[in-house]
Amino acid sequence: MTENLVYRLGQNCELEDIEVGKTYEVKVQGFAKFGTFVYLNNRIKGLIHISNVKTDHKEGDTLYVYVKNIRDNGNIDLEEVRAPSDFEIKTVSRKAVPLRLCDLKNKVGRNVMLDVEVAQIKQTSGPTIFTLVDETGSENAAAFTEAGKRSYPEVELGDMVSVSGEVMMRNGQLQIEVSHMEVLTEEEKEIVRKRIAEATEERAKPKDMPFLIESEVLDRLKPEMQKVAQIIRKAIFTNQPIVLRHHADADGIVAAVSVEKAILALIRDEGGDMDTESHLFKRAPSKAPFYEIEDVTRDLDFALRDNVRFGQKLPLILMMDNGSTEEDEPSYKVAKIYDLPIVVVDHHHPDESTDQYLVAHVNPYHVGGDFGVTAGMLGAELARMIHPGIEKEIMHFPAVAAVGDRSEAPERAKYLELVADKYTEDECKDIALALDYEQFWLRFNDGKEIIKDILNINGNEDRHRRLVKLLVSEANAAIEDQLKASMPHVKDTKLQNGAHLFTIDVEIFAHRFTFPPPGKTSGEIHDILCKRNEGKPVVTLGLGPDFAVIRSRGVLMNIPKMVREMRDDIEGGGVSGGGHLVVGSIKFVEGMKDVVVDELVRKIGEFPVE
Ligand code: MN
């Protein structure tokens, strides 16, 4: 009976659904010198060579063909046959395993059909470029109606579509030349959306692996870090841009560059090039130790432009060495209006109220740790979760972060030990100082390649050494210069709790608008005074016209709490600020300087000493 079966290829069928040795019903499409072209379905064509044509026919006629061969290039050789008498027609439907984007590399030159999500729509001066994603990756599809005219205007960013077309290679990149694109029905959409979302979620899960060092705090942070890694990986897999905001100091830079490396490596793995990188990832240092309105405004402005101009999704905001405190909330509120998801990896003392704005929040204070587990340590470990392949290159980053942020946690020694054969503690300190110094001159720029040289990940060790040496000697000369001017003006008093209070007016007794800035100047002065007062509690205040920098040792302070109380208690003081528990800063209005500073000194004198 099988001889009496004739197959009709379903419209959704692929080349794979056609079997050699079977008979199919086809329609004549056109004629060539060497034979007759026929359609097996709307998209798949085959050739009956002239030697295998048996009857006369015209365009649109129905014929029956025997499949002799399917060549590697996808060409189908057919032989015309007479319809068997008393035959039965059987419609072939698409095989159960549908095509995925990762399969396209084996389909060059062939017609394909897939159900995918539209992750970007970019109108060029020629075709419209759709970036498609599914659970296996992302590829571009080009559709052309007229130069510069949007094809398939009904298809929108985030739609689930069925795409048909030929797979081509363009400049070494796969691309589908679209012959048909259609938004899926509500019912189909949900099935595809669920399929892609679930599989992407699974694929984005980071591999479970041990940290570079043993640390109880890190162990307890692991679930939340894995969550952040998964969110970042998922953003990359779904073509969502990432904006990485970080504190502009050595610890923040190290944290951010670790994650930057991992993200770019993953984008590359996904077939992205330099162009993709610059559209999908941006690292930006923040001058303030929090997400300023100025920063979020800039980020939002760029994101919305890219959304309109390049049809890009709105970004994921990743905050590093910043983001845990109340000071960030005004910016988070702006981001929330546009539904920008925000993820924070920070080691500043966190405020509970910020969590309502965050998708995930890694902070050692959440698990009984403190600022000694620095953002740079967290960043390097997080980067390994995002892309384990980058581990070797960034191995020394946490040690640089540890000395840069003066960590006194047990993790500091372990990270230093980890790279002791390549970098001494002093070398790590030099790198940290060089980062701080260079970032001062870079201001709002990320200084991508220079920073890589300072961190010795550009593959030019000689240049790295010479650059760090130069920057360190310049930075030290500048610091020395500053201290020479400032130190004679330091005032020494005693607080009621017995601590030494040193005050220095950094506005009138320090060089302005140069390195070291007021915070660093105060820190350097504090270090000298700590050495001079070995074993005693010391507080140093660097005073400006409308701010004070607070450095302390041996006093059990809570700067964020103190600043908040003063904000509420001093009417017309315009008080704001924060930072770490024992290192931070406070801002106020200039006319209230005396009132605010007096109250600040009184409050510091009330904290117990160690
Ligand atoms: Mn830090």
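Order of listing sets the numbers, starting from 1, for every ligand and every atom in it. Every heavy atom of this structure was used, including side-chain atoms; hydrogens, water molecules and symmetry mates were not. Nothing fancy with the numbering, it's 1 onward along the sequence.
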Name all residues meeting the salt bridge (Lys or Arg N to Asp or Glu O under 4.0 Å) criterion together with R406; count only those two or more places apart in sequence or in a different chain, and write none if there are none. D527
side-chain contact (heavy atoms from CB on, under 4.5 Å) against D598, all qualifying residues, sequence neighbours excluded: none
Is a side-chain donor-acceptor pair under 3.5 Å present for H347 with D321? yes
Under a 3.5 Å threshold, yes or no: a donor from one side chain and an acceptor from the other, between T238 and Q240? no
With D436 via salt bridge (Lys or Arg N to Asp or Glu O under 4.0 Å) - residues at least two apart: none
Any side-chain donor paired with an acceptor under 3.5 Å for S331 and D328? no
Anything protein N, O or S sitting under 2.8 Å from the Mn ion (ligand 1): count it and give me the total. 5
